[in-house]
Amino acid sequence: MEVQYQVDGNMDPPKSSMDSSKFKRRRISAVRDYPLQFAVNLRQVDHVHPYARSPVLEKYPPPKIRKGVTVRRDFPVKLKFPTALRNQISDSKGSNSDDGMPMEYSAFDAANFCASTDSKQSNTTIAMHPESLNATIATNARDILACIKNKDDDVKEFNIHDSHECIEPKKKGVEESSLLMNIEDEQCEVDVPIADNIYACTNVRDSKPQNVPNVIDVCDIHVCTKPKKSFEETSLLMNIGDEQCQAGDYQVTHKSQNPASLTKGACSSMAGDEQCSDSMFGVHHFKETSNDDEECVEATSVEVNNPKVIFIDDEECMESTSVEINDPEVIFIDDEECVQVTSVVVNDPKAIFDDDVECVNVASVEVNHSQIGPSNEELIINNELRNDRDKIKWIINIYREVCKELERNHNGKSKGGFTMEAASILQKRHKWIKRDKLMGTIPGIEVGDHFDWRAELNLVGLHCRNIHGIDYKMLGEKIVAISVVDSGRYDNVFKSKEGEFPDTLIYLGEGENPKLKGKKPIEDQKLRGGNLALKNSAEVKNPIRVIRKFFYKYGKVEKSRYFYDGLYYVDSCREEITSSGKLVFKFLLKKFPEQPRLDWLVVWKLVCVNDIPEGKEPPTVDYVIDDISQDKERIPIRAVNDFDDEKLPIFNYTPNVTYPDSYHPVIDDGCDCIDGCSDSEVCPCTQKNGGSSYNYEERLIKKKPFIIECGPSCNCFTSCLNRVSQRGINLPLEVFKTKMKGWGVRSRSFIRCGSFICEYTGEIILDNEGEQRVGMDEYLFDIGVSDDPSLRKANSLDSSEGYECFTIDAARLGNVGRFINHSCSPNLYPQNVLYDHGNKRMPHIMFFAMEDIPPLEELTYDYNYEINGVCDTKGNIKVKPCYCGSDECNGRMY
Ligand SMILES: C[S@@+](CC[C@H](N)C(=O)[O-])C[C@H]1O[C@@H](n2cnc3c(N)ncnc32)[C@H](O)[C@@H]1O
């Protein structure tokens with residue numbers, strides 16, 4: 001097969017092989033001057049075959065198609081020319097012919113000769129041999145076979161459809177991959193004047209070449225100069241983002257044709273280089289453009305139009321003389337060491353991030369039509385380092401912008417979400433503000449600060465592990481914990497110390513999670529990693545940041561947010577055996593007294609309210625009563641109305657029931673325990689309950705017809721385990737206005753299953769008296785009625801009040817319990833409790849959580865009405881619609 005070439009009319013091949021000055025490169029602006037030896041471009045007109053045989057090349061399969069080549073550097077080439085042609089060369093050079101064997105020629109001569117001779121006769125060959133700097137050249141090859149060699153001498157071949165130049169090989173032998181036309185290659189410099197389809201390849205250090213070859217489309221000119229490094233793990237042809245060298249003058253008009261998209265791990269359109277970038281480029285209509293460089297960017301001008309996200313960040317040096325950016329949405333002008341951009345013009349940015357840890361030497365930054373606030377603008381223009389808090393805000397803003405951008409780019413669809421992807425983009429751009437793990441307060445972060453995503457905690461340095469709840473670092477020779485996240489996955493418990501908001505935390509060790517019932521059997525937790533760190537912290541008492549995750553519903557969507565709760569220390573550590581017989585670690589963390597408490601109103605506002613129409617922002621709270629109990633409860637009971645103008649109805653708050661005047665309770669004998677009344681063999685009160693009713697976390701183990709708590713005649717401590725409900729409310733309960741059911745109750749903190757909520761207090765009156773209170777029956781709670789036969793017996797046997805039953809009326813006197821609404825799928829249940837008397841006809845009604853209840857979920861119990869069982873005074877059946885909204889609801893309360 002013969003290949004015929006003719007000199008490309010668009011190119012003027014120099015007459016002299018060393019006359020580079022006449023060579024005019026098309027559509028390329030030279031960024032940097034370097035010796036151009038000569039250039040010849042040949043255009044293929046036909047195909048012929050033969051491949052020159054050289055002793056070296058014999059080892060490798062010959063290329064199948066050859067095309068024209070431009071030679072820029074002279075070096076000896078072994079060429080096999082047809083005899084006639086060889087004779088011509090020999091004649092002109094005065095060398096001897098050698099029948100049929102490859103001869104060594106000057107590449108320039110050979111190329112020049114072929115270019116100037118009748119190419120129909122030419123069947124010379126090109127090869128850039130991987131082992132040889134003395135590349136064999138086919139001057140008239142239009143298609144060039146490039147090859148790549150790994151350590152095992154495995155050679156791959158690629159076709160390149162254009163003319164290419166290779167100059168200035170830098171190193172001998174050290175290069176594992178030698179790819180002709182590879183602009184990533186420190187060996188050669190390549191010019192691709194018109195490249196339509198280029199086959200690129202990748203070489204790896206080990207013997208398994210990966211992704212070879214990658215086919216990429218490049219629709220324009222590329223030039224690579226000034227290679228910097230001698231070793232490249234990945235070598236990708238036409239990759240403008242490169243870890244070794246990127247020195248191009250390029251214009252890429254379509255994202256899909258951007259060769260950089262093929263870089264290993266590089267994001268598309270990234271013109272970023274970790275070592276060197278000598279580019280002068282224009283990038284148009286990119287969704288994301290990155291111009292970042294870890295060592296040096298010497299772009300003389302950068303113009304970027306309509307980008308969504310731009311990173312102009314540089315870890316060492318950026319020497320762009322001007323950067324012009326139009327309509328960006330987010331810009332990073334971030335430099336960790338030095339940015340020497342003399343001018344930056346940013347038109348219509350939506351957000352600008354100008355974060356510089358060390359120095360930004362931007363001589364002028366012009367921000368036109370900025371939509372950002374003056375303070376931000378000021379920060380940039382004044383070129384000042386922002387304070388820590390501003391930095392935190394900026395980083396979070398930028399992170400969220402990048403998340404949004406990714407979401408937009410992927411039409412909102414992503415398997416794993418965009419939060420980690422965005423975080424890794426920022427990480428790559430070195431936007432992780434806190435790189436070292438810090439102990440104690442993170443500058444710029446305050447108690448109550450909240451974060452939407454776990455990755456944000458990492459981003460700002462609050463908690464640097466994305467999955468594990470315990471983060472730690474070395475302190476001397478030991479690891480100590482520096483932060484913990486309570487993400488609701490483990491059965492951690494926040495507790496109140498002085499009846500206020502939680503300031504102690506029982507944190508379960510990491511590893512095996514007794515709460516999760518997976519396929520794999522649970523094993524003992526191990527004293528290593530985070531668990532070991534927390535244990536060590538119990539000795540050291542070092543500060544540990546606590547971050548708490550709150551769940552809430554936004555419309556119908558389950559959401560969550562992380563709140564920074566301040567610095568705690570590990571008070572103690574214990575090992576426990578769970579009901580499944582496995583060992584778990586429990587760490588008691590206590591908040592440092594000087595640390596501020598979380599402002600629950602702020603938390604509440606931020607974790608939203610129920611009944612918000614989808615797509616709407618949480619409303620601001622208009623109506624707030626800080627404590628409807630007026631100090632009568634252990635903990636303030638707030639009332640809020642963000643729904644309408646209605647004020648809370650007037651009633652007298654009482655934390656205790658009032659007994660009928662005629663009632664004189666008989667008080668039973670009590671116990672003398674000093675060990676907390678948890679052992680039924682010791683405590684007679686606990687014995688009456690058939691064992692302890694509450695576990696050590698003060699949660700009701702199971703519902704019973706009655707619970708007998710220790711009472712006034714007991715000599716035990718008021719803190720004993722058998723007095724949980726009588727101690728009163730311990731949760732930040734809140735009365736709030738609902739959409740359809742009047743006022744309701746919720747908790748601002750997470751409630752664990754079995755936790756005591758509150759009592760239903762009011763006036764205890766006789767049942768028939770309650771029935772007289774026509775129009776006031778909304779707050780009646782019938783008591784002493786039970787399916788339990790022992791209770792019925794107890795009722796009927798009580799002689800003083802005959803067979804009458806009692807009811808609690810909370811209309812005039814009551815507590816927060818009067819606001820708890822009915823639900824057909826309740827999350828609370830009422831529990832009969834006796835402690836200050838033994839009369840089972842008028843027990844205390846204590847509500848306990850039936851399940852874990854997320855913050856702000858409405859608390860409800862089943863009113864237990866019978867449908868068609870409620871009549872008016874005339875005996876007519878009353879109907880009351882139910883708006884509980886549960887799946888089990890048939891629409892009627894009664
Ligand atoms: C003990 S009160 C509860 C507090 C009451 N929502 C308020 O604003 O004072 C009982 C009354 O609340 C209303 N209610 C409670 N649960 C309801 C439900 N699931 N559907 C409709 N109304 C309900 C009814 O008017 C009922 O008579």
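If you're wondering where the values come from, they're calculated on a predicted model, not measured in any experiment. When a ligand or atom number is given, it counts from 1 through the structure's own listing order. Residue numbers start at 1 and run along the sequence shown.
Protein residues with any heavy atom under 4.0 Å from ligand 1: Lys741, Gly742, Trp743, Glu778, Tyr779, Arg818, Phe819, Ile820, Asn821, His822, Tyr863, Lys880, Pro881, Cys882, Tyr883, Cys884, Met893.
Ion pair Asp486/Lys549 not flagged as a salt bridge, since none of the NZ, NE, NH1 or NH2 atoms sits closer than 4.0 Å to an Asp/Glu carboxylate oxygen. Salt bridge annotation for Glu697-Arg752: absent, with no cationic side-chain nitrogen under 4.0 angstrom from a carboxylate oxygen.
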Step-by-step salt bridge (Lys or Arg N to Asp or Glu O under 4.0 Å) determination, Arg638 to Asp627: CA-CA 5 Å; Arg638 184 174 288 155; Asp627 184 8; over 6 Å; no

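Under the salt bridge (charged side-chain N to carboxylate O under 4.0 Å, His left out) test applied with Arg746, the options Glu858, Glu734, Glu857 reduce to a single match, Glu734.
In this structure, Tyr861 has its ring center under 6.0 Å from that of Tyr863.
Counting heavy atoms from C-beta on, the side chains of Ile445 and Arg545 never come closer than 4.5 Å.
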